[in-house]
Structures are given as structure tokens and as C-alpha cells.
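A short write-up of the structure that comes next.
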Protein chains: 2
Amino acid sequence: MSQLDAIDTAILKVIQQHGRISNAELAERIGLSPSACSRRLDILEKSGVVTGYHARVSAKALDYKMIAIVHISLSGQFAKTLTEFEAAVKLCPNVLVCYLMSGEYDYILRVAAKDLEDYERIHRDWLSALPHVVKINSSFALREVIDRPNVGI
Amino acid sequence: MSQLDAIDTAILKVIQQHGRISNAELAERIGLSPSACSRRLDILEKSGVVTGYHARVSAKALDYKMIAIVHISLSGQFAKTLTEFEAAVKLCPNVLVCYLMSGEYDYILRVAAKDLEDYERIHRDWLSALPHVVKINSSFALREVIDRPNVGI
DNA sequence: AGCCGCTTTGCAAGGACATTGCGCGCATCC
DNA sequence: GGATGCGCGCAATGTCCTTGCAAAGCGGCT
């Protein structure tokens, strides 16, 4: 991928916030002809700068009213241990985010649940069943203050 | 908003993963005529079930190579304290996510930075400057294992 | 300075697409 | 049983996306 110029950055800034904007309106906003804009966007997509488009669905419309932050420690940091854990955690659809971390815990997870009972099920059937786990620490989000799709550029 | 039926759910499932899909292809995937599909999607958007569409931009294409998870404790839980902290944290463009939490820390943040030097700047100019903060604990993500845009439905 | 090649732009055309009105089928309720 | 409302498919029209093509900007080189 070549370097991004000011026009590319402007395109990215718009489509981050308005992913389903028409090419015509996008072109107008950034001051370019629709054809040039379409070609630039095409390059951004094919070169992997734009990795996808996603609709954001109201969590409570789907009855997901709870967010838990889960800190997990494993029994070791061997590559095999990490690989097996990660393969297993990827299968749980309720895990939205998972990072391998520095610091006190090995992994940090963001988990969506419909309610406390649902979370208890997830904890029992999924999280506790993950391999090599020696400690699980769940905290619950009381309120979402910020949830940006991307860093403001 | 009325209840979501199986077709609505199917639509949501597709557009969560393919936010820029054409209405024609969406209709074909879920087995509906384009007109009916367009009308359903319109209802889902106007009723607030679909809250927006966003392009996902490769973080490293923008040179954001670091993700920090920051735990923050405040000096108290008075409403005024929380409100002032939240107003301030919302201004920092590097803070992608912020939750008010139960548990040991009051807030948990996901912060994007270009590199360690950039994070040092964010920490100094933004995080340390947030009002009522008494403790900041930063951990760094070594690797992103999962980052789903939405819960799998 | 002038030339040349590369890149990117704007324009135009044709083909696809989104949207809206309309009539029909189906279920519900009186 | 008839009326009513809801959601569907079909068709048409206006918009939009895309691609070919020529010209303009830009940098390097002589």
C-alpha cells in the first residue's frame, strides 16, 4: 500500500462515521469527482486500509444489556498454552474483544450478555471451560461512557 | 420499535458483517424481494435498531500500533465527580472506549496510540489531566486476539 | 528550460441499483 | 362473511456506480 495523502485521509474520516454513504455524496464532501473518489476508495479497500464495513446494532434492541470486562490469567505463557486458549476463546460468540496483555493478567475480554443469568451461563459454559485458565476476574460495566468505532484522525 | 422477526434478524446479521452490501444482494441472501428488503432496512434504521454504519480502518495503516487498557480510580463517586470526569475524557480522541465499572477501579478505558512515545504524550497531556483521578493503571495489549464489531446473533 | 513518462483527474456512457406506487394475498377482528 | 390492516412482489423511474478515454498535473532527466 502506498502512502495516504490528505484526500485519502479525508475519505477515511468520512466513511468511518458514515459507512453507507453513497459514493456521490462522499465525493461531494471531499471535493472530488465521483469517479476519482470511487477509484480511491477502491484502492483503499483492496490494499487493506479499509478492512470492512459494519452496521452497528443497538445492543438493547438485541436484548444485550450487560457488558462484562473479564481478566484472565493462564497457568503459563508457553506458546502452546496461549494458542490453545485463543483458539477456544474465539469460539465464544459473546466475547467481543480479547487482547493478550502485559501486566497482571494475561488476557482481557469484553463480553456481552443479555442479563446476569445469561452471563452466569456464559461464565459457566464458556469462560470456565477455557483451557489453562487459573484465574477469572469479572467486572461489570455500569454505563457506557464512550464507544467510538475508530480513533479520531 | 416493534419486535424483530426472523427476517429482521437475518438482515441484521448480514449488515453487521457487510455494512456496505447492496440492497439487491442483501435481498437475495435473505430470500426477499429488493423492495421489501429496502423497506425493512429503512424501518430498522429509523427505529434505532441500526444505529449507524462504519468503515473499519486498519489501525496500522493509520500508524496506530498500540492499544492500552487503562484502569482509573477517582477520588469519590459523587455524581458531580463522575460527570466532570466523563466530560473531560470524552474530549480525548485517543480514548476509543470508556466504561463506568463496578469493582476495584471506577473506569476502564481503551486507548489507541501510535507508539510508546505517543502514549506517553497522551498519558501526560490527557489522562493525567483528567479531573478527580487518584490512580491510573496502564496495561498494554501485546496482541489483538478478537475484535468483533458486534455480538454474534 | 523543455521534454517525457507516470499518475490522477474529469467527463461521458451504459449498465446496475434504490426507491416508490400499486395491486394482491393473507391473517385478524368484528 | 366481509372489512381492515399488514407485508409482499412487480414494475417504473430516477439516481448512482463503474469503466474507457483524453487531458492535465507532476517529477525526473537531459
Side-chain angles (χ1 to χ4, degrees), chain A residues 1-64 114 149-153, chain B residues 1-64 114 149-153:
Chain A
M1 105 196 48
S2 59
Q3 202 65 339
L4 304 178
D5 63 11
I7 300 179
D8 290 323
T9 307
I11 291 176
L12 294 176
K13 201 167 181 173
V14 173
I15 64 173
Q16 274 188 9
Q17 298 305 119
H18 308 282
R20 218 179 158 81
I21 191 175
S22 74
N23 180 65
E25 193 186 338
L26 174 61
E28 193 183 4
R29 284 204 196 188
I30 63 174
L32 210 61
S33 74
S35 58
C37 188
S38 171
R39 274 184 280 246
R40 274 178 178 268
L41 187 54
D42 194 52
I43 292 170
L44 290 171
E45 290 168 359
K46 295 208 169 111
S47 68
V49 175
V50 175
T51 60
Y53 298 90
H54 304 279
R56 195 163 262 236
V57 177
S58 160
K60 63 174 194 279
L62 299 176
D63 261 345
Y64 282 90
K114 288 180 187 289
N150 276 101
V151 63
I153 58 175
Chain B
M1 106 195 48
S2 60
Q3 203 65 340
L4 304 178
D5 62 13
I7 300 179
D8 290 323
T9 307
I11 291 176
L12 294 175
K13 201 166 182 174
V14 173
I15 64 172
Q16 275 189 8
Q17 298 306 121
H18 308 282
R20 219 179 158 80
I21 191 176
S22 74
N23 180 66
E25 193 187 336
L26 174 61
E28 192 183 3
R29 284 203 196 187
I30 63 174
L32 209 63
S33 74
S35 58
C37 188
S38 171
R39 273 185 278 249
R40 274 178 181 268
L41 188 54
D42 194 53
I43 292 171
L44 289 171
E45 290 169 358
K46 296 210 169 112
S47 68
V49 175
V50 175
T51 60
Y53 297 90
H54 303 279
R56 195 162 264 236
V57 177
S58 160
K60 66 172 190 280
L62 299 175
D63 261 344
Y64 282 90
K114 288 179 188 289
N150 276 103
V151 64
I153 57 175

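Just so it is clear, the values below take in all heavy atoms, side chains as well, and ignore hydrogens, waters and symmetry mates. To find a chain, count down the sequence lines: A is the first, B the second, and so on, and within it residues start at 1.
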Task: Proximal nucleotide (of dA18(C), dC8(D), dG10(C)) relative to the Asn23(B) side chain - done: dA18(C)
Task: Whole angstrom value for the distance that separates P of dA18(C) from CD of Glu45(B) - done: 12 Å
Open item on the list: I need the Tyr53(A) OH to Ile15(A) CD1 distance, nearest 0.5 Å.
Closed with: 4.0 Å
Task: Whole-Å distance separating the CD1 atom of Ile15(B) from the P atom of dA18(C) - done: 13 Å
TODO: Just compare dC17(C), dT8(C), dC16(D) and give me whichever is closest to any side-chain atom of Ala24(B).
DONE: dC17(C)
Task: Short side-chain to backbone donor-acceptor contact, Ser58(B) and Thr51(A), under 3.5 Å - done: no
Open item on the list: Nearest whole Å is fine: how far is dC16(D) P from Arg20(A) CZ?
Closed with: 15 Å
Task: Gap between atoms CZ and C1', on Arg40(A) and dT9(C) respectively (whole Å) - done: 9 Å
- [ ] Tell me which residues in residues 25-35 of chain B put a heavy atom below 4.0 Å from DNA chain D, sorted by number, or none.
- [x] Leu32(B), Ser33(B), Ser35(B)
- [ ] Starting at atom CG of Leu41(B), determine the distance to atom P of dA18(C), rounded to an integer number of angstrom.
- [x] 10 Å
- [ ] Specify the separation, in whole Å, of atom CG of Asp42(A) and atom P of dT7(C).
- [x] 17 Å
Open item on the list: Taking the axis from the first five pairs and the axis from the last five, what angle separates them in the helix from dA1(C)-dT30(D) to dC30(C)-dG1(D), rounded to 10 degrees?
Closed with: 30°
Task: Nearest heavy atoms of Gln16(A) and Pro149(A), plus distance in Å - done: O-CG, 4.3 Å
Table please: side-chain donor-acceptor pairs of residues 19-28 of chain A below 3.5 Å, with sequence neighbours left out.
| unit_1 | atom_1 | unit_2 | atom_2 | d |
| --- | --- | --- | --- | --- |
| Arg20(A) | NH1 | Gly19(B) | O | 2.6 |
| Arg20(A) | NH1 | Ile21(B) | O | 3.2 |
| Arg20(A) | NH2 | Ile21(B) | O | 3.0 |
| Ser22(A) | OG | Glu25(A) | N | 3.1 |
| Asn23(A) | OD1 | Ser38(A) | N | 3.4 |
| Asn23(A) | ND2 | Pro34(A) | O | 2.9 |
| Glu25(A) | OE2 | Arg29(A) | NE | 3.4 |
| Glu25(A) | OE2 | Arg29(A) | NH2 | 3.1 |

Open item on the list: Is the phosphate of dC17(D) approached by Arg39(A) (side-chain N or O, under 4.0 Å from OP1 or OP2)?
Closed with: no
Open item on the list: With a cut-off of less than 4.0 Å, is there a side-chain N or O of Ser38(A) near OP1 or OP2 of dC17(D)?
Closed with: no
